[in-house]
Protein chains: 2
Amino acid sequence: MDKTLLKLKALADRNRFRIFGALTQYKELCACQITELLQVSGATVSRHLGILVTAGLVKSRKESRWVYFALDEGCDGIDNILEWLLPRLHQSDQMQMDLEVLDGIMAVTKEDLCRQQRGEACCPVQKKEKGDG
Amino acid sequence: MDKTLLKLKALADRNRFRIFGALTQYKELCACQITELLQVSGATVSRHLGILVTAGLVKSRKESRWVYFALDEGCDGIDNILEWLLPRLHQSDQMQMDLEVLDGIMAVTKEDLCRQQRGEACCPVQKKEKGDG
DNA sequence: TATATAATTAGCTATACAGCTAATTATGTA
DNA sequence: TACATAATTAGCTGTATAGCTAATTATATA
């Protein structure tokens, strides 16, 4: 029961539920892409992802500096969970909006996305200077 | 999505999950019986039940002074939820213990149960005196 | 080897909520 | 009609947690 309760708790948060929903539509997503979707700090996203991983719902894979997250298809009960949640996700306004945003996110490279997140333009004019005055 | 999130939040608490599990095994349970099972105050149980009812998972029926609670079989997604949770409940230690306790609870009348909960013996010696010295 | 950077962890704050007791409500009974 | 009682609501307290920024870690690159 504790494992199941852990899954319920992991899903019982709006932002984690949104992450779960996004991962039902994309084979895998990078931490920075999820950060862009939720519009919260990277630290917060990292903690949310940790909770989903600990619950067994999500798995991660590191590739150089990037970490990719995906639904763990080996998760106990995942088929039943998806049978319940997928139809409800598909008819939710939040999910519709998220899919549109994700569409835009996937249209740029991770490199450009992270540049934007650091507040740089897509083609940084100056690289090492910290001041702007 | 909000409705689904509400259900997830309702189930993502150990005591509410225990109530839900108990209601999968009994057609209906009285508030005082659930109070006896969980061993928390009646006020707390009442709030938990309210959350389950608000989420649509549980319905209630009042009969004189007693209120009975049951799974709401008309709840959206309940079939999928049960397909996921029932097998996990059945193999959980907590559920095993709860079913044993419920066995004992159902063996006495609600009247006697509530008498016990008020700290009276099964056959109260004095009815109106408040002091015991 | 020094610097840059994606992600995580540490440390903090504000909010949500599970628990309690006391008060109230709704109902039955002497 | 006054009292008893099952349940709920109000009001409070302590704990858990979602969010933040800053520090740290792991990796790539100049």
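Chain letters run A, B, ... following the sequence lines, proteins first and then strands; every chain starts at 1. Note that these values count all heavy atoms, side chains included, but never hydrogens, waters or copies made by symmetry. The structure displayed is predicted, hence computed values, not measured ones.
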**Q.** Note, B:Lys110 side chain near B:Tyr68 side chain (heavy atom, < 4.5 Å)
**A.** yes
Q | Check: A:Thr24 and A:Leu71 side chains under 4.5 Å, non-hydrogen atoms | A | yes
Q: Go through residues 36-55 of chain B and report each residue with a non-hydrogen atom lying under 4.0 Å from DNA chain D, sorted by number.
A: B:Gly42, B:Ala43, B:Ser46
Q) Can you check the B:Lys9 NZ to C:dC17 C1' distance for me, whole Å? A) 10 Å
Q: Report yes if some heavy atom in the side chain of B:Phe69 is under 4.5 Å from a heavy atom in the side chain of B:Cys30; otherwise report no.
A: no
Q | Heavy-atom side-chain contact between A:Met106 and A:Leu29 under 4.5 Å | A | yes
Q: Provide, to the nearest angstrom, the distance between the CZ atom belonging to A:Arg115 and the P atom belonging to D:dA28.
A: 17 Å
Q: Measure from CD on B:Glu111 to C1' on D:dT5 and round the result to the nearest Å.
A: 11 Å
Q) CZ of B:Arg118 versus C1' of D:dA4: gap in Å, rounded? A) 8 Å
Q | Of residues 19-30 of chain B, the positions that come close to DNA chain D - non-hydrogen atoms, cut-off under 4.0 Å | A | B:Cys30
Side-chain atoms of residues 74-82 of chain B: list all donor-acceptor pairs with protein atoms under 3.5 Å, sequence neighbours left out, distances to 0.1 Å.
residue : atom : partner : partner atom : Å
B:Asp76 : OD1  : A:Arg88 : NH2          : 2.9
B:Asp76 : OD2  : A:Arg88 : NE           : 3.0
B:Asp76 : OD2  : A:Arg88 : NH2          : 3.4

Q) With sequence neighbours left out, what residues match A:Lys59 under salt bridge (charged side-chain N to carboxylate O under 4.0 Å, His left out)? A) A:Glu73
Q: Tell me which of B:Asn15 and A:Cys32 sits closer to the 5' end of DNA chain C, going by the nucleotide each one is nearest to.
A: A:Cys32
Q: Check the distance between D:dT21's C1' and A:Gln117's CD and give it to me in whole angstrom.
A: 16 Å
Q) Looking at CD1 of A:Ile34 and CG of A:Leu49, how far apart are the two atoms once the value is rounded to the nearest 0.5 Å? A) 4.5 Å
Q | Any B:Arg16 side-chain nitrogen or oxygen under 4.0 Å from OP1 or OP2 of C:dA18 | A | yes
Q) Are the charged groups of B:Asp2 and A:Arg14 less than 4.0 angstrom apart, N to O? A) yes
(Q) Tell me every residue that passes salt bridge (charged side-chain N to carboxylate O under 4.0 Å, His left out) with A:Arg118, counting only those two or more places apart in sequence or in another chain. (A) A:Glu120
(Q) So if I take residues 59-72 of chain B and measure heavy-atom distances to DNA chain D, which residues fall below 4.0 Å? (A) B:Arg65, B:Trp66, B:Val67, B:Phe69
Q | For atom CZ of B:Arg14 and atom P of D:dT17, their distance in whole Å | A | 12 Å
Q. If you round to the nearest 0.5 Å, how far is CG of B:Leu102 from CZ of B:Arg18?
A. 9.0 Å
Q) Roughly how many Å is it from NZ in A:Lys110 to P in D:dA28, rounded to a whole number? A) 13 Å
Q. Whole-Å distance between C:dC17 C1' and B:Leu6 CG?
A. 14 Å
Q) Any side-chain heavy atom of B:Val67 within less than 4.5 Å of one from B:Arg61? A) no
